[in-house]
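Following this message is one structure expressed as structure tokens.
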Amino acid sequence: MYDVIVVGARCAGSPVAMLLARRGYRVLVVDRGAFPSDTVSTHFIHQTGLARLDAWGLLDRLRATGVPAVRHMRFSNADVYAEGFADPIEGLAEVYCPRRTVLDKILVDAAREAGAEVVERYTAMDVLFSEGRAVGIRGRLDDGTEREFHGRVVVGADGPNSTVAAKVDAGFYQVVPAAGFVYYSYYSGLDWGYHHRTRDEQQFATCPTNDGLLMLAVMRKRDRYREFRADVEASFQSVFDQVVPELGADLRAHGRREEPFRAIRYADNFYRRSHGPGWALVGDAGYHKDPLTGWGITDAFTYGELLADQLHLGLSGELPIDDAVAEYAKRRDEASAGVFQLTVTMAALTLPPFFYSVLKAVSQSPGYLKKFFAMVGGGYTGEEFFAPHNLAELYEEVGTPPASRILTASGVAH
Ligand SMILES: Cc1cc2nc3c(=O)[nH]c(=O)nc-3n(C[C@H](O)[C@H](O)[C@H](O)COP(=O)(O)OP(=O)(O)OC[C@H]3O[C@@H](n4cnc5c(N)ncnc54)[C@H](O)[C@@H]3O)c2cc1C
């Protein structure tokens, strides 16, 4: 009998398992994959996410993989251009974009070292119930052997298509249909650093990752999927040509693709009920959003830690366990609302007038640029950044014409 069974051993599941095992609980974490292994995901981790790794004693392991530090970012959207970097956030003056083969292995190993039992190549197929409470899982190892595991709590950390969520019938809320799709791969011969560049409903992002390679990703809206797929190589190149022609020319002249393209049409943005009798959902299983703002991994760490803390309160008897887990879900929803809203807005790949006028002004103010990069990294809240009195000051500072001073997302209030 385990205290906690975690299904899914990547960014959300392994930290939950590790943190609870470190507190002395008997924890099982299962995954249908085996590690190291890749998954369809790029690599950006915000400073606040890296701070969690640091607190868990894992950041130096990540650095030791040779993943290069990013200390400068270039953003553009139409004619708005901003470059720079945040002042240190939680002591971190850099960010990293590690391959998931590297990051997820560090997390799984840390869970195992902490004392969690890790079972790979095991697919959870069902959640077991007794008197209305989740009490375990039933599944199958790759060799066909069926196994059941029993525990006090079952945590679904099994991604956006979560089996655990389906079996506990966790309802969706705040569903926003997915806007786009992505193609990405890894290149040698390019020394571009970090870019996030958007124009005419098309976007590319680049980040240096492990093995001296640069990850290049292209995002477009869903209605362009069929056309894009007809000639992926040419479509991919044309986004760089159209968004930043100089980089398009450099890609054509010096870029060498080292791996096959990965592609995915994004899942919808959503929250799912993430607590119930004997169960919880964490990571993308309970709260999923477009990858455009690169918050999935950081949020998996942040709210994974919150869930582990709340489970500890429940398992140790300080609080009724279902109340403790309900509190986790409530706090996650409150804390993540700003990032969720910003992400679904930006994912449309067209800046609404409010964001355009704010970012245009920000790009002209060195002080506000610092705040912008701090907000991107999670060191400054969106609520503060977009507060009308702060925006009024910003517009005044850079001399935005009064007619363009949009102070709220819902309209002009100058
Ligand atoms: C194209 C793309 C790019 C992205 N880029 C970024 C980025 O730059 N930065 C960022 O922060 N986020 C990014 N994300 C989001 C990020 O990948 C996710 O938010 C993050 O992986 C969520 O972690 P997780 O542990 O919840 O789920 P996952 O990483 O999906 O892990 C779920 C695990 O559960 C296992 N599993 C699933 N079902 C079962 C089952 N029935 N039994 C056993 N095991 C099971 C899977 O094998 C998997 O290992 C991107 C996503 C995509 C699709």
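One-based numbering, in listed order, for ligands and for the atoms of each.
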Exercise for review: Indicate whether any N or O donor in one side chain lies under 3.5 Å from an N or O acceptor in the other, for Thr209 and Arg100.
Suggested key: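 No - no donor-acceptor pair under 3.5 Å links their side chains.
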Point to revise | Non-neighbouring partners of Asp231 that pass salt bridge (Lys or Arg N to Asp or Glu O under 4.0 Å), sequence neighbours left out | key: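 Result, salt bridge (Lys or Arg N to Asp or Glu O under 4.0 Å) vs Asp231: none returned.
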Review point. Excluding sequence neighbours, so at least two apart, what forms salt bridge (Lys or Arg N to Asp or Glu O under 4.0 Å) with Asp3?
Key: Arg152
**Study point:** By salt bridge (Lys or Arg N to Asp or Glu O under 4.0 Å) - contacts of Glu233 (at least two apart)
**Key:**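 If we apply the salt bridge (Lys or Arg N to Asp or Glu O under 4.0 Å) test to Glu233, skipping adjacent residues, the hits are Arg257.
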Can you pull every nitrogen or oxygen pair between ligand 1 and the protein closer than 3.5 angstrom?
residue  : atom   : partner : partner atom : Å
ligand 1 : 5 (N)  : Thr42   : N            : 3.2
ligand 1 : 5 (N)  : Thr42   : OG1          : 2.6
ligand 1 : 8 (O)  : Thr42   : OG1          : 3.0
ligand 1 : 8 (O)  : His43   : N            : 3.2
ligand 1 : 8 (O)  : Phe44   : N            : 3.0
ligand 1 : 9 (N)  : Phe44   : O            : 2.9
ligand 1 : 11 (O) : Phe44   : O            : 3.3
ligand 1 : 11 (O) : Gly294  : O            : 3.2
ligand 1 : 11 (O) : Gly296  : N            : 3.1
ligand 1 : 11 (O) : Ile297  : N            : 2.7
ligand 1 : 17 (O) : Ser41   : OG           : 2.7
ligand 1 : 17 (O) : Arg100  : NH1          : 3.1
ligand 1 : 19 (O) : Asp284  : OD1          : 2.8
ligand 1 : 19 (O) : Asp284  : OD2          : 3.2
ligand 1 : 21 (O) : Arg100  : NH1          : 3.0
ligand 1 : 21 (O) : Arg100  : NH2          : 3.2
ligand 1 : 25 (O) : Cys11   : N            : 3.2
ligand 1 : 25 (O) : Ala12   : N            : 3.0
ligand 1 : 26 (O) : Asp284  : N            : 2.9
ligand 1 : 29 (O) : Arg100  : NH2          : 3.0
ligand 1 : 38 (N) : Arg32   : NH1          : 3.4
ligand 1 : 41 (N) : Ala124  : O            : 2.9
ligand 1 : 41 (N) : Thr163  : OG1          : 3.3
ligand 1 : 42 (N) : Ala124  : N            : 2.9
ligand 1 : 44 (N) : Arg32   : N            : 3.1
ligand 1 : 47 (O) : Asp31   : OD1          : 2.7
ligand 1 : 49 (O) : Arg10   : NE           : 2.8
ligand 1 : 49 (O) : Asp31   : OD1          : 3.1
ligand 1 : 49 (O) : Asp31   : OD2          : 2.7

Check your understanding: Hey, is CD on Glu131 packed in by over 12 heavy atoms from elsewhere, all under 6.0 Å?
Key ->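 Not buried by this count: 12 neighbours or fewer within 6.0 Å.
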Exercise for review: Check whether more than 12 heavy atoms from other residues, nucleotides or ligands sit under 6.0 Å from atom CG of Asp191, and answer yes or no.
Suggested key: no
